[in-house]
Amino acid sequence: MKTQITELFGIEHPIIQGGMHFVGFAELAAAVSNAGGLGIITGLTQGTPEKLEAEIKKCQDLTDKPFGVNLTFLPSLTPPDYPGLIEVIVKTGVKVVETAGRNPAVYMPAMKDADIKVIHKCTSVRHSIKAQDIGCDAVSVDGFECGGHPGEDDIPNFILLPRAADELEIPFVASGGMADARSLVAAMALGAEGMNMGTRFIATKDAPVHQNVKEAIVNASELDTRLIMRSLTNTERVLNNPAVESLMAKEKALGDDLTFEDIVDEVAGVYPKVMMEGEPEAGAWSCGMVAGLVNDIPSVEELINTIMTEAEEIISSKLQKAI
Ligand SMILES: Cc1cc2nc3c(=O)[nH]c(=O)nc-3n(C[C@H](O)[C@H](O)[C@H](O)COP(=O)(O)O)c2cc1C
């Protein structure tokens, strides 16, 4: 399949693996890229330029296909060394960066000078337009369904994607709630040039996370995610568990008086415990509603091949027959 996204990134299939904290390691990124999609290493999981450089080199040993690095710009009193991380991305010859969170404008010149393609992930049409205006090459439009941070507008992809299509000149992929061939074809019908998946890629053989996490996603239904931290304007969609229930009880009790310190036990330092040590109930971790569509743990190659084969069938058979 050829779309503006496959052309832009030099990949075979219009499928991107979104950056994921403590999931987007070299093994997963390389597996996605080797299967013809675009794998993404999560920069902040590595944290320092030295560690990111080592992870990029590991990925380069595992694939000679294009892959990217995710840089999530968070508000922080002690921000990560973003200039240092970008320096390493440039030095190692990575040609794609997925930015997310705050506006990456100040870092655009460094990336553009190095001929890096930037895809910004955002949850609204206005932020997508801003990304276009500051020179991003593409956008990942993340609907309300998504795992992680859906923003505060709560617009699902059936509205958000065609709205983005009406406003944007640069290509965009659909993100949030994407799982299979039906997602890809529907996203393209709504104006996207491909899709970005997070949760679906965790439940694959190649994701270097504990089996318990993959099984937790397979066992979850579309009813099992919760939105937390809304009163902190930092809404996150997570998989429900007893720690999340306890966090939500505090939110209910404290209302607008809730501070980050009140919920630090349920959210801080959770990812290594969940993803590496296999304790899915250790705290709150991002997961999309799409868990309801995830019923197996295939290899990344099997997953992507099935999506592409079935997408072509839907287009050439079902849709063709309808007209
Ligand atoms: C466990 C997990 C961790 C994530 N961590 C990040 C992150 O560090 N940076 C980021 O930009 N997005 C992060 N995301 C969001 C994904 O990149 C992607 O946008 C999202 O999962 C898409 O929705 P889906 O889960 O419905 O496919 C994370 C998602 C999950 C499920």
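Start at 1 and go down the list; that is how both ligands and their atoms are numbered. This is a predicted model, so every value here is computed, not measured.
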Quiz prompt | Joint cluster assignment, M276 & V23, ILVMFWY side-chain distance < 4.5 Å | solution = yes
Quiz item: Are V270 and V238 connected, step by step, through hydrophobic side chains (Ile, Leu, Val, Met, Phe, Trp, Tyr) whose heavy atoms are closer than 4.5 Å?
Solution: no
Quiz item: Who's the nearest protein heavy-atom neighbour of atom 21 (O) of ligand 1, and how far?
Solution: G198 CA, 3.4 Å
Quiz item: Within a reach of under 6.0 Å around CD1 of I159, are more than 12 heavy atoms found that belong to other residues, nucleotides or ligands?
Solution: no
Quiz item: Do M197 and V141 share a hydrophobic cluster, counting only Ile, Leu, Val, Met, Phe, Trp and Tyr and linking them when any side-chain heavy atoms are less than 4.5 Å apart?
Solution: no
Practice problem: Would you please test S246 and E266 for side chain to side chain donor-acceptor pair (under 3.5 Å) and show each step? | Solution: CA-CA 8 Å; S246 134; E266 288 88 0; 2.8 Å; yes
Quiz item: T45: heavy atom below 4.0 Å from ligand 1, yes or no?
Solution: no
Quiz item: Tell me, which protein residue and heavy-atom name are nearest atom 2 (C) of ligand 1, and how many Å apart are they?
Solution: S286 CB, 3.5 Å
Practice problem: Select the closest option to atom 15 (C) of ligand 1 among G101, C146, G147, judged by heavy-atom distance. | Solution: G147
Self-check item: Proximal atoms of ligand 1 relative to M197 (non-hydrogen, under 4.0 Å)
Solution: 27 (O)
Practice problem: Could you tell me the residue and atom name of the protein heavy atom closest to atom 5 (N) of ligand 1, and the distance to it rounded to 0.1 Å? | Solution: H21 N, 3.0 Å
Practice problem: Give yes if a backbone or side-chain nitrogen or oxygen of G177 is under 3.5 Å from a nitrogen or oxygen of ligand 1, and no if not. | Solution: yes
Quiz item: Any idea which atoms of ligand 1 are less than 4.0 Å away from a heavy-atom of V290?
Solution: 26 (O)
Self-check item: Sole residue of T204, I40, T42 in side-chain contact (heavy atoms from CB on, under 4.5 Å) with L28
Solution: T204
Exercise. Enumerate the atoms of ligand 1 whose separation from the nearest heavy atom of I202 is less than 4.0 angstrom.
Key: 1 (C), 31 (C)
Practice problem: Taking only heavy atoms of T42 into account, list the atoms of ligand 1 that are under 4.0 Å away from them. | Solution: 8 (O)
Quiz item: Which word best sums up how the rings of Y107 and F73 line up, parallel for under 30°, tilted for 30 to 60°, or perpendicular for over 60°?
Solution: parallel
Practice problem: Name the option, out of T72, N196, L239, that contains the heavy atom nearest to atom 9 (N) of ligand 1. | Solution: T72
Exercise. Taking only heavy atoms of G18 into account, list the atoms of ligand 1 that are under 4.0 Å away from them.
Key: 17 (O)
Quiz item: Side chain, backbone, both or neither: which part of T199 has a heavy atom under 4.0 Å from ligand 1?
Solution: both
Exercise. With heavy atoms only and a cut-off of under 4.0 Å, state how L44 meets ligand 1: side chain, backbone, both or neither.
Key: neither
Quiz item: Should the heavy atoms of other residues, nucleotides or ligands under 6.0 Å from CD of E87 be counted, would the total exceed 12?
Solution: no
Exercise. Determine whether more than 12 heavy atoms belonging to other residues, nucleotides or ligands lie under 6.0 Å from atom CG of D256.
Key: no
Quiz prompt | Polar atom proximity, M275 to ligand 1 (N or O, under 3.5 Å) | solution = no
Quiz item: For G19 and ligand 1, does the shortest N/O to N/O distance drop below 3.5 Å?
Solution: yes
Practice problem: Could you tell me whether a side-chain N or O of E145 sits under 3.5 Å from a main-chain N or O of N157, the two making a donor and an acceptor? | Solution: yes
Practice problem: Check each of R200, K121, M20, M289 against atom 12 (N) of ligand 1 and report the one with the nearest heavy atom. | Solution: K121
Quiz item: Is there a chain of hydrophobic side chains (I, L, V, M, F, W, Y, each step under 4.5 Å between heavy atoms) that links M275 to F201?
Solution: yes
Quiz item: Any chance NZ of K250 has more than 12 other-residue heavy atoms, nucleotides or ligands included, within less than 6.0 Å?
Solution: yes
Quiz item: Numbering the atoms of ligand 1 from 1, which are under 4.0 Å from a heavy atom of D142?
Solution: 19 (O), 22 (C)
Quiz item: So, E301 side chain and V32 main chain: donor-acceptor pair closer than 3.5 Å or not?
Solution: no
Quiz item: What atoms of ligand 1 come closer than 4.0 angstrom to any heavy atom of A100?
Solution: 11 (O)
Quiz prompt | Closest approach of any protein heavy atom to atom 22 (C) of ligand 1, naming residue and atom | solution = S175 OG, 3.5 Å
Practice problem: Report yes if some N/O of N70 lies less than 3.5 Å from some N/O of ligand 1; otherwise report no. | Solution: yes
